[in-house]
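Data block below; observations after.
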Number of protein chains: 2
Amino acid sequence: MQRSADAPTLGSLGPSARAVVRTLLLAGPLSRAELARRLERSPASITKITQPLVADGLISEDTAPPGESRGRPGAPLVLDAALHLFLGVKVTADEVYAVRADASGRVEASAHRPLVDVGQATVVREIIELVNELTPAPGSIQALGVGLAGQMSRFDRTVRANAYLGWDRVPLAEILERATGIPTVLSEDARALTAGVQWSGPGRGMRDFAVLTVGVGVGLGVVIEDRVLAGPTGKVGRIGHTRVSDSGPLCSQGHRGCASAFLTTRSVTQGIGVPHGRSDVDLDAAIELADAGDEVALRVFDDAGHALGVLIAQLVNMLGLPAVILAGDGLGMLAHARTGMEAAIAEHLDPNATAPEVVAFTSGFDEWARGAAVVACQWMLVDPPRSDPDPA
Amino acid sequence: MQRSADAPTLGSLGPSARAVVRTLLLAGPLSRAELARRLERSPASITKITQPLVADGLISEDTAPPGESRGRPGAPLVLDAALHLFLGVKVTADEVYAVRADASGRVEASAHRPLVDVGQATVVREIIELVNELTPAPGSIQALGVGLAGQMSRFDRTVRANAYLGWDRVPLAEILERATGIPTVLSEDARALTAGVQWSGPGRGMRDFAVLTVGVGVGLGVVIEDRVLAGPTGKVGRIGHTRVSDSGPLCSQGHRGCASAFLTTRSVTQGIGVPHGRSDVDLDAAIELADAGDEVALRVFDDAGHALGVLIAQLVNMLGLPAVILAGDGLGMLAHARTGMEAAIAEHLDPNATAPEVVAFTSGFDEWARGAAVVACQWMLVDPPRSDPDPA
DNA sequence: ACCTATTCCTTTATCGTGTCAACGAAAAGA
DNA sequence: TCTTTTCGTTGACACGATAAAGGAATAGGT
């Protein structure tokens, strides 16, 4: 275990040390005794594991809070999360978003650039541009995470079946590593968002929940027993075409009554704009109409809420989740959709199931990029690459 | 690691040895080199781990099959599953079913006894009676698994919230251990069934699938990435009251159009019996009517198939499962329900999702008991109790 | 028949990791 | 001050895994 003298990277630590760092990151300051209980190790092991970490300045002893117990108070260990920086990138069909975050998921800086086309050269160039822009000093970034649509595993190296870019089997991680010198990992974007929510978003501390995103499409991420589900090849989350009503408008694929036909931004704006003979209604305008009491807008939002509620109830019925987190840029409608949503939940929930806590998590595209940064951090703490490429 | 000279129990093995046994059990005969690759260990480790197992007669070298590779052929190792016997018990409101199975899940013997009441004394007595009946010799059974409804974890010791028996917080495992001398574990019954399907049923070799049961109720088990999902407290699988239609009959809880109202045995028999003015229609009679071309029966079965198809499509949309296994005593209707089911799947499946393989697994209550036996075996191979109680 | 490449399996020395048992340290309460 | 309780450290020790090296068994080429 060769470790550089002053600033060891998280990925270069041994498995036990990584487990300690992970636990400290997720559960805040903990005494060694508490760590021993959580990790099911003996106190002696924890001392041995933490000693070099403390010596290297990676973790330090907090000042003990006024203890409430009887015996000798524990010395809480804190991880200096700000020492470890990660970049997260989210690639959509027309824009690239990037953030710099520390190990605790706190965003320090962000940037984004439009994509003029979706060719490999263009996308790679813009990502590299953003990486350079957000890198404070060479070698200061421990890993780069890229989130984009497709059938990628948790820590993947290759873009697979991305419909928006029309890419398949593109070894993007390797390309970016060569260009930037930063270890790079890819992940399916909804999964990355879910990871971000779980580690340092509203899902923090919850063992079981779902993330339901509303915007251009309808997305889903599921966390059960602290694990983000992926399914065979990242196929979890195709929830958009779930039938939520026997009637209603058609979705873009010609289905009647499916969730997308009620929930996507496009469905909502057209559902309101068309009866009014207007084609300039965007989501904000639609919300304004509803604020002003427009009957059409109120009805469309109510229907959207209903669809959302049905999806939530189905999720909870099937998986028994105690909480559902709503996210996405289409969430602005929630104020007008909440009533319909709650009615639909009550109507469709199994009478033996307990009602889930529904949390609205208003967030922009940065949140998707932040999720990718969290995935990069998880990569280092769970399954780090064998040897770090030398960025010198 | 004290090991009895001739017949070591699976639970007394070390973690690595258990991992080897697990892999051999699930993936058939494997050479040491193949084991090393699957378990991500070095070949040297595998040799050290398997040596005592071979010496003890627990596993043995198979005669090498005609190899297709170039180098020295591997010596396939086989586990003598018949050496390790487990009992599985399934408790319903009016009957107790039990089987004796070996480590590979093969059923050697089975028995069942009616319950005159659901008091603790009665249930415990009948279970012990069945255990004695199925135990060939004292000490020959390595563990006992009990499956019953309730909110139990994977390997639980206490019955929690069992509605059928009206039990809560009953330390059944301890009671049975004291009486029988056999290490005992409890599990929620649908989860046990799913485990049985996964290890030695039609789900064998599949990493991701769902088990949908039809009978008195509608049940669900989900396996993702080789793990059986449980949710917070065994709450996965409350799928019965999922709305599958805006119209249709009421279910027992007064919901309109929910899955139970189309799928449970009671719903089907009444749906056919009432229009005919008959109260003696059971499931077999209903199937006979449909065989004879009775319009009502055909329609009811078609509706049931439709409901089943909607549930399957929703499952696949949400979790991306490539296969769904149908089980339960209500499955006899499938011949007449298949058309409706397939139509509903096609209609409700997300157009981007691949159609799941739907497998019918005709089975009786023994299958539930067998699942409990498999859970007992898993218990020994995954998380064995500290020290075996001495049955002498 | 012989050699080589390949794959498999085992042995030895060694190392990392974890535990046990014992002990010292720091608090609260009697 | 003494006891109790909990926390943290130390050293001896066991276990499990590995790397390195070499023997064993096969296919294929010369």
Side-chain angles (χ1 to χ4, degrees), chain A residues 1-3 8 11-24 27 29-56 59-78 381 383-384 386-387, chain B residues 1-3 8 12-24 27 29-55 59-78 384 386-387:
Chain A
M1 197 198 299
Q2 73 288 13
R3 172 182 299 145
S12 66
L13 303 174
S16 305
R18 291 202 309 269
V20 165
V21 170
R22 234 181 299 146
T23 309
L24 285 180
L30 293 173
S31 70
R32 294 170 175 73
E34 184 58 30
L35 274 172
R37 283 186 290 266
R38 299 214 186 199
L39 296 175
E40 293 182 320
R41 304 266 151 83
S42 68
S45 302
I46 301 297
T47 295
K48 281 223 281 203
I49 294 168
T50 54
Q51 245 162 5
L53 298 180
V54 173
D56 286 343
I59 60 182
S60 54
E61 293 196 358
D62 204 352
T63 54
E68 314 136 1
S69 68
R70 238 204 299 266
R72 165 179 175 175
L77 297 174
V78 283
L381 288 176
D383 183 26
R386 295 289 176 207
S387 66
Chain B
M1 197 198 301
Q2 72 288 10
R3 172 183 298 145
S12 66
L13 303 173
S16 303
R18 292 201 310 269
V20 165
V21 170
R22 234 182 299 146
T23 309
L24 285 180
L30 293 174
S31 71
R32 290 174 240 265
E34 184 59 29
L35 274 172
R37 282 187 290 266
R38 298 213 187 200
L39 296 175
E40 292 183 321
R41 304 268 152 84
S42 68
S45 302
I46 301 297
T47 295
K48 277 223 287 201
I49 295 168
T50 53
Q51 244 161 7
L53 299 180
V54 173
I59 61 182
S60 54
E61 293 196 358
D62 205 352
T63 53
E68 316 138 357
S69 70
R70 239 204 298 267
R72 166 178 173 175
L77 297 175
V78 283
R386 295 290 177 206
S387 65

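What you see is a predicted model, and the numbers here were worked out from it, not measured in a lab. No hydrogens, no waters, no symmetry mates; every other heavy atom, side chains included, goes into these values. Letters A, B, ... are given to chains in the order of the sequence lines, protein chains preceding strands, and every chain is numbered from 1.
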Before you tell me yes or no, could you show the steps for B:K48 and B:S16 under side chain to side chain contact (heavy atoms under 4.5 Å, CB included), namely the whole-Å CA-CA distance, both residues' side-chain angles and the distance that decides it to 0.1 Å? CA-CA 10 Å; B:K48 277 223 287 201; B:S16 303; over 6 Å; no
On DNA chain D, more 5' by nearest nucleotide between A:E61 and A:K48 is A:E61
Here the distance between atom C1' of D:dC7 and atom CZ of A:R72, to the nearest Å, is 5 Å
Rounded to whole Å, CG of A:L53 lies from P of C:dT17 at a distance of 11 Å
Report, one pair per line, the protein and nucleotides 2-4 of chain C atoms (nitrogen or oxygen only) whose separation is under 3.5 Å.
none

Note to self: With a 4.0 Å cutoff (strictly under), does any side-chain N or O of B:Q51 reach OP1 or OP2 of C:dT11?
What the structure shows: yes
Under a 4.0 Å heavy-atom cutoff, the residues of residues 37-46 of chain B touching DNA chain C are B:R37, B:P43, B:A44
Here the pair of heavy atoms bringing A:L381 nearest to A:R22 is O-NE, 3.2 Å
side-chain contact (heavy atoms from CB on, under 4.5 Å) test vs A:L77 passes for just one of A:L35, A:L53, A:D62, namely A:L35
Problem - B:R32 side-chain N/O to C:dT7 phosphate OP1/OP2 under 4.0 Å - result: no
Heavy-atom nearest pair, B:P76 first then B:P29, reads CB-CB, 4.1 Å
Whole-Å distance, B:L77 CG to C:dT10 C1', equals 14 Å
Sorted by chain and number, sequence neighbours left out, side-chain hydrogen bond (donor to acceptor under 3.5 Å, both in side chains) with B:Q51 holds for none
Here the pair of heavy atoms bringing B:A17 nearest to B:L13 is CB-CB, 3.9 Å
Rounded to whole Å, CD1 of A:I49 lies from P of D:dT9 at a distance of 12 Å
By side-chain hydrogen bond (donor to acceptor under 3.5 Å, both in side chains), A:R32 pairs with (sequence neighbours left out) A:E61
Sorted by chain and residue number, the side chain to side chain contact (heavy atoms under 4.5 Å, CB included) partners of A:R38 (sequence neighbours excluded) come out as A:T23, A:A27, A:L30, A:E34
Applying side-chain hydrogen bond (donor to acceptor under 3.5 Å, both in side chains) to B:S42 and not counting sequence neighbours gives B:S45
B:L13 CG to D:dG16 C1', in whole Å, measures 15 Å
Testing D:dT10, C:dT10, C:dG18 for proximity to the side chain of A:S16, the answer is C:dG18
Per atom distances to the A:P15 side chain, the nearest of C:dT17, C:dT11, D:dT9 is C:dT17
